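Working notes for the structure below.
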Protein chains: 2
Amino acid sequence: MTQDRERRPTLDTIAQRVGVSRATVSNAYNRPDQLSGALRERIIATAKQLGYAGPDPVARSLATKQAGSVAFMLCDGLSSAFSDPALSIMLDALSSTMDTGERSLLLLPGVSGDGPRAQSVMRAQTDVVVAYSLPDNAPALEAVRARDLPLVVVDQPFVPKSARVRVDDRGGAYLAAKHVAGLGHRHVGIVGLGLSADGVGGPVSPQRIEQAHFEVTLDRLAGYREALGEQGILADAVPFWEAPGNAREMGREGARWLFGLEPRPTAVLCMSDELALGAIRAANELGLSVPGEVSVVGFDDTPAASWADPPLTTVRQDLVAKGRQAGELALRMLDGARPGRPVTIGVDLQVRGSTAAVV
Amino acid sequence: MTQDRERRPTLDTIAQRVGVSRATVSNAYNRPDQLSGALRERIIATAKQLGYAGPDPVARSLATKQAGSVAFMLCDGLSSAFSDPALSIMLDALSSTMDTGERSLLLLPGVSGDGPRAQSVMRAQTDVVVAYSLPDNAPALEAVRARDLPLVVVDQPFVPKSARVRVDDRGGAYLAAKHVAGLGHRHVGIVGLGLSADGVGGPVSPQRIEQAHFEVTLDRLAGYREALGEQGILADAVPFWEAPGNAREMGREGARWLFGLEPRPTAVLCMSDELALGAIRAANELGLSVPGEVSVVGFDDTPAASWADPPLTTVRQDLVAKGRQAGELALRMLDGARPGRPVTIGVDLQVRGSTAAVV
DNA sequence: AGCCACGACTGAAGCGCTTCAGTACGATGG
DNA sequence: CCATCGTACTGAAGCGCTTCAGTCGTGGCT
């Protein structure tokens, strides 16, 4: 079926036609100061006339040893990925930080929570890769290592010799839990993010925590427990539901379970705003008023959090800064910089209408 | 600053070390049937030992004349792009259609509603490009033409010699308007998508419609007007607000304006679900009940539409089919297929709780 | 007049890989 | 025992570009 298009013009075609060397034509495009304006114009004109659109990007990449793109790896497919508002914001910040028009974004979607296939990574034409919140056993990470590409990890996991942008997850969770404890809540439930990429959700057993592959979830959990522990609330007394993904629906399901327990929690700590929004919905459906009968806290502070009804009390992380930092680190690693210490994005608590003192 | 990493091993390195020709090493990776299993294993082992991660993707691309990626152009930056749920879904379908692990997705975000920079396109290492709902004067489209890359256009605009996936926008809008007219509504307002990429919003003048760059908006408008016209409602009597982007906030703003008019519309036709959700919020804020006092219709049928309160009456388009078709067309164009006729995705009306008969 | 610096352009050596027409050789069939 | 064939591997010609060390006039300076 392949249509043989007529042979495309190359640098040589133009060079011969104009009667100059190939180097000169190359310079016409890349170093205009290396030739006289007149000649340059003649070259460009001839190129246009011959339908030559400029140096071939692939050949240029080979010659310069610069692929000119940044690979971005995420753990799921695009639709679940972008239903996560936090990701969109941070990715936008990342891409605008890097985008000077010279560099583009190669998206490597994950396959089933495990991140991209190793083969996708092996074949990717890229200079640097940014990994977003992958499980620590993702095959793609091994592939990146094999290719010895500079790596920037966002959120998790820890990877030796890579740069890293993280958030003070534990600290944020601590603030959230301390806030509800301070409001007098003693029966607190947790709706958490995934512990492993196996798609399993539900009430969490201690063994499952042992075998977790997502550090962020563990950190936030630790933060919650620490703050609650300070108020004498033991970890065992804090029911913990694992949501297999960051979707409202899953938060709703988790909260439903929590609200069915005895004693019923009067406060729910959620590891993301999406989960929290689902929890609020679950409360409404059961006729529980928020914050009257149940307090709900989120994490991230996405735009939806402040629009929600009631507006969500949540832990704010600066998503734009996160994306920008990741972009800058990637750029710096391209220049051969050492990974350096992890960059930590700070957090603070945004107290809004979804939490109130226990009655 | 550039760190000189020790020279990386290449095919030759391995070939010399093993004592075979370079071609054989290449075959070991690409055509395992061309050599004996034993030799292949020896080669792979040596490669591993030398830290060779397989053929360099860029060099391979140059030699095979296959960049191995699909470029996806969109009109805005990533954050606004992905806050559009319709895009996420369709892009996910597109990427999973194309992703065999051999091909990746090059994302070319737009700059300010105008689509990607021409230069981004000129430098993109790609075999085929998919353009998503760009204005008809986008510079990127000209660049694609200059490079003579196969092009698949989704939604808009019309581009000669390109393949196209579109939606029956006019038909869908017609259904929506006919539905509200059938419910007895005579005062109908429209909250529309952009007419041009200039970021301008507000009440729309006839001249602005003349100079529109977005065909989809025009088609939907035509569909609305046709159905309303059949009920004797003249175009002039139908207030039309242009939202400069597809965001809830903008729908809210537009609806506010509509609700301030005299006579106040009893039905609002919105060109997207996001806009419609914003319109519902505006109604709530003004104490107007939906659908009691105001009916609202959306377009797209994104997941949020059915979750909304009240669930949104909207025009369903099959976003997954749209992405899949776009992917398949792109693949086919890679094989040199002719563009063919546009593929049109059908629509139907989902009647839910946001519309009711006029009282 | 002699020297040097400078601007404008060229030649050639890569960049790392794929591919195709061979070559060599042992096995197979008549 | 020779022609034939298939298997296993090689050599060399690209793919289209960048880059760097030159070359060659020119004009300024002393």
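No experiment lies behind these values; they were computed from the predicted model shown. Throughout, protein chains are lettered first and strands after them, A, B, ... in sequence-line order, and every chain is numbered starting at 1.
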For [N] and [X] - does any side-chain N or O of the residue sit under 4.0 Å from the phosphate oxygens OP1/OP2?
X	N	answer
B/Ser26	C/dT18	yes
A/Lys65	D/dT18	no
B/Thr24	D/dT10	yes
B/Ser21	D/dT10	yes

Could you check whether A/Gln125 and B/Ser69, counting side-chain N and O atoms only, form a donor-acceptor pair closer than 3.5 Å?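 Judged by distance alone, the side chains do not pair up.
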Please state how far atom [atom1] in [X] lies from atom [atom2] in [N], giving the value in whole angstrom units.
X	N	atom1	atom2	value
A/Gln34	C/dG7	CD	P	10 Å
A/Gln66	D/dC17	CD	C1'	14 Å
B/Asn27	C/dG16	CG	P	20 Å
A/Asp12	C/dT10	CG	P	13 Å
A/Arg31	D/dA21	CZ	P	12 Å
B/Arg22	C/dT18	CZ	C1'	9 Å
B/Leu62	C/dG14	CG	C1'	13 Å
B/Asp33	D/dC9	CG	C1'	13 Å

Would you classify [X] as touching base, sugar-phosphate or nothing, given that sugar-phosphate means primed atoms plus P, OP1 and OP2, and contacts are heavy atoms under 4.0 Å?
X	result
A/Arg40	nothing
A/Val58	nothing
B/Tyr29	nothing
A/Thr10	sugar-phosphate
A/Thr64	sugar-phosphate

Pairwise 5' ranking along DNA chain D for A/Gly54 and B/Leu35, keeping only the more 5' one: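 Going by which nucleotide is closer to the 5' end, it is B/Leu35.
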Of the options [options], whose atoms approach the side-chain atoms of [X] most closely?
X	options	value
B/Leu39	D/dT18, D/dC9, D/dG11	D/dC9
A/Asn30	D/dT18, C/dG11, D/dT10	D/dT18
B/Ser36	C/dC17, D/dA8, C/dC15	D/dA8
B/Arg60	D/dT10, C/dT18, C/dG14	C/dT18
B/Val20	D/dC17, D/dG16, D/dT10	D/dT10

Given salt bridge (Lys or Arg N to Asp or Glu O under 4.0 Å), test B/Lys322 with B/Asp155 step by step and report yes or no. CA-CA 9 Å; B/Lys322 197 161 146 187; B/Asp155 283 348; 3.1 Å; yes
Polar side-chain atom of B/Arg17 near backbone of B/Thr46 as donor-acceptor pair, under 3.5 Å: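 The answer is no, because no donor-acceptor pair under 3.5 Å joins these two groups.
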Has B/Glu215 got a side-chain atom pairing as donor or acceptor with B/Gln156's backbone, closer than 3.5 angstrom?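 No.
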For a side-chain contact (heavy atoms from CB on, under 4.5 Å) with B/Val165, tell me which candidate from B/Val153, B/Ile345, B/Leu94 qualifies.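 With B/Val165 as partner, side-chain contact (heavy atoms from CB on, under 4.5 Å) holds for just one option, B/Ile345.
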Which of these, B/Asp12, B/Asn27, B/Thr13, sits in a side-chain hydrogen bond (donor to acceptor under 3.5 Å, both in side chains) with B/Arg22?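 Exactly one pass, corresponding to B/Asp12.
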